[in-house]
Visitor: 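A single structure is presented below for examination.
Proteins get letters first, then strands, A, B, ... in listed order; numbering begins at 1 in each.
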Number of protein chains: 2
Amino acid sequence: MKPTRLDRLPEQLRQELRKARRERGWSQLELGRRIGIPQGHVSGIETGKVVPRFDTLLDLVRVLDRDLILVPRALVPAVQALARDYQEGREARLEAGTRPLYAAEESEGEPDGR
Amino acid sequence: MKPTRLDRLPEQLRQELRKARRERGWSQLELGRRIGIPQGHVSGIETGKVVPRFDTLLDLVRVLDRDLILVPRALVPAVQALARDYQEGREARLEAGTRPLYAAEESEGEPDGR
DNA sequence: CACGTTGATACAGTATAACAGATGAATTTG
DNA sequence: CAAATTCATCTGTTATACTGTATCAACGTG
C-alpha cells in the first residue's frame, strides 16, 4: 500500500465507505443528495483528496447505517472483529438471493435534516 | 440536554475527550503540544466552538489512547457497553491507589510525527 | 500578596474544507 | 450507435478550521 501522504483520511475507512455506498446501490450523486453535499465532494472524500470535517463524515457514515465511536485502543481489535463478523453475516445473507436488498428501498428515507 | 446547535461535535464525545485528558493529568496546553495544536484550539474543540477536521480529532483521541472506529449501527449499543465496562474497570483499578498513574509518565512519548 | 497555571476568548492571517457548477472519460443502457 | 449514468477533476467563491499571539478571570501555591 502506498503511504501516499494523502491518507489523512485512513484508506481503510474510505474503502468501507465506498463499499457501504455500493451495497446500497447508491451513486455518489445519490449519497451526496441525501446528506446535502455535492457529488464532487463525495468523490474527493472517497479518493482521499480531502479530509472531511468530523460532522460531515458523521453524516456520511450514519446515512450508510454505520456510526463512528470512540473506544479504548485496547479494544480496537475486538471491536473490529465484531464488526467484521457482523458484516460478513450480512453479506452471506445477501448473496443468498443475489439482490441489492437496499437498492430497492425507494422510501426516500429522511435526508436527516442537516 | 440542550440541543444547542453547537454540538456538531457530539457533547458526549467532547466530555469523553476532556475526561480522558484529565485522567492523564494533562492541561490543554500539554495535550495540544503533543499533537501540535495550540491550547486555544483544544479549548475550542472541547467546548464545542469548532468542529475539528477528522484527522485532527483522530490525532487527539489517539494520543489519549483511544481510537475512532466505524461500526454497523446495530452494534453501537453493544460496543458502547463494552467500552464503558472497560473504562469502569480502569477507573476502579485507578482509585484503588488514588494516583494519576498516567501523570507520572514523563517519557515524552513520540508526538506521533504529524 | 505576588506568581504560576489553567482554561476561555479574541483577533488577524493563512490554509483548506465546503459549495456550485461544469466538463470529460469510461461504462452502461436503450 | 446514441443517450444516459457514474465518477474524477477543475474552476471560482464562501465558510471556517487552524495558527500565532495575547488577554483575562479563576484558582492554587509560594
Visitor: Just how far, in rounded Å, is P of D/dT6 from CG of A/Leu31?
Guide: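 Checked: the CG to P distance equals 13 Å.
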Visitor: Give a yes/no on whether any side-chain N or O of A/Arg21 is located under 4.0 angstrom from OP1 or OP2 of D/dC7.
Guide: yes
Visitor: Would you say B/Arg53 reaches D/dC18's phosphate, i.e. side-chain N/O to OP1/OP2 under 4.0 Å?
Guide: yes
Visitor: Any carboxylate oxygen within less than 4.0 angstrom of a Lys/Arg side-chain nitrogen, looking at B/Arg21 and B/Glu46?
Guide: yes
Visitor: Is it true that B/Lys19 and B/Glu16 have a side-chain N and a carboxylate O under 4.0 angstrom from each other?
Guide: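 Not counted as a salt bridge, because no side-chain N and carboxylate O are separated by less than 4.0 Å.
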Visitor: Looking only at heavy atoms, which two atoms of A/Ala83 and B/Leu75 are closest? And how far apart?
Guide: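 For A/Ala83 versus B/Leu75, the nearest heavy atoms are CA-CD1, 3.8 Å.
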Visitor: Does a nitrogen or oxygen in the side chain of A/Arg8 sit under 4.0 Å from OP1 or OP2 of D/dA17?
Guide: no
Visitor: Using atom CG of B/Leu29 as one end and atom C1' of D/dT21 as the other, report the distance to the nearest whole Å.
Guide: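 Roughly 13 Å, once rounded to whole Å.
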Visitor: For B/Gly44, report the nucleic acid contact type (base, sugar-phosphate, nothing); a contact means any heavy atom under 4.0 Å.
Guide: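 Touches nothing.
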Visitor: When the distance from CG of A/Leu60 to P of C/dA17 is rounded to whole Å, what number comes out?
Guide: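 Checked: the CG to P distance equals 15 Å.
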Visitor: Which part of the nucleic acid, if any, lies within contact of A/Ser27, taking any heavy atom under 4.0 Å across all strands shown: a base, the sugar-phosphate backbone alone, or nothing?
Guide: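 Sugar-phosphate only.
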Visitor: So does B/Gln15 have more than 12 non-hydrogen atoms from other groups sitting under 6.0 Å from CD?
Guide: yes
Visitor: Give a yes/no on whether any side-chain N or O of A/Arg18 is located under 4.0 angstrom from OP1 or OP2 of D/dT6.
Guide: no
Visitor: Let me know the distance between CZ of B/Arg33 and P of C/dT6, rounded to the nearest Å.
Guide: 12 Å
Visitor: Rounded off to whole Å, could you give me the CD-to-P distance for the B/Gln28 and D/dA26 pair?
Guide: 17 Å
Visitor: Side chain of B/Pro52: nearest nucleotide among C/dA20, D/dC18, C/dA8?
Guide: D/dC18
Visitor: Do any side-chain nitrogens or oxygens of A/Lys49 fall under 4.0 Å of OP1 or OP2 in D/dT9?
Guide: yes
Visitor: Quick check: on DNA chain D, is the nucleotide nearest B/Leu57 upstream (toward 5') of the one nearest B/Gly40, or the reverse? Name the residue that is more 5'.
Guide: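 The answer here is B/Leu57.
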Visitor: Below 3.5 Å, does any donor atom in the side chain of A/Gln39 face an acceptor in the base of D/dA8, or the other way round?
Guide: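 By the distance-only test, yes, there is a pair.
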Visitor: Mind running side-chain contact (heavy atoms from CB on, under 4.5 Å) on A/Thr47 and A/Arg18 for me, showing each step along the way?
Guide: CA-CA 9 Å; A/Thr47 56; A/Arg18 176 162 285 189; 3.9 Å; yes
Visitor: What is the separation between atom NE2 on B/His41 and atom C1' on C/dA15, rounded to the nearest whole Å?
Guide: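 So the two atoms are 12 Å apart, to the nearest Å.
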Visitor: Expressed in angstrom and rounded to an integer, what is the separation of A/Phe54 atom CZ from D/dC18 atom C1'?
Guide: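 Rounding to the nearest Å, CZ of A/Phe54 and C1' of D/dC18 are 18 Å apart.
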Visitor: Can you tell me how far P of D/dT6 sits from CD of A/Glu30, to the nearest Å?
Guide: 9 Å
Visitor: Any side-chain N or O of A/Thr56 below 4.0 angstrom from OP1/OP2 of C/dA18?
Guide: yes
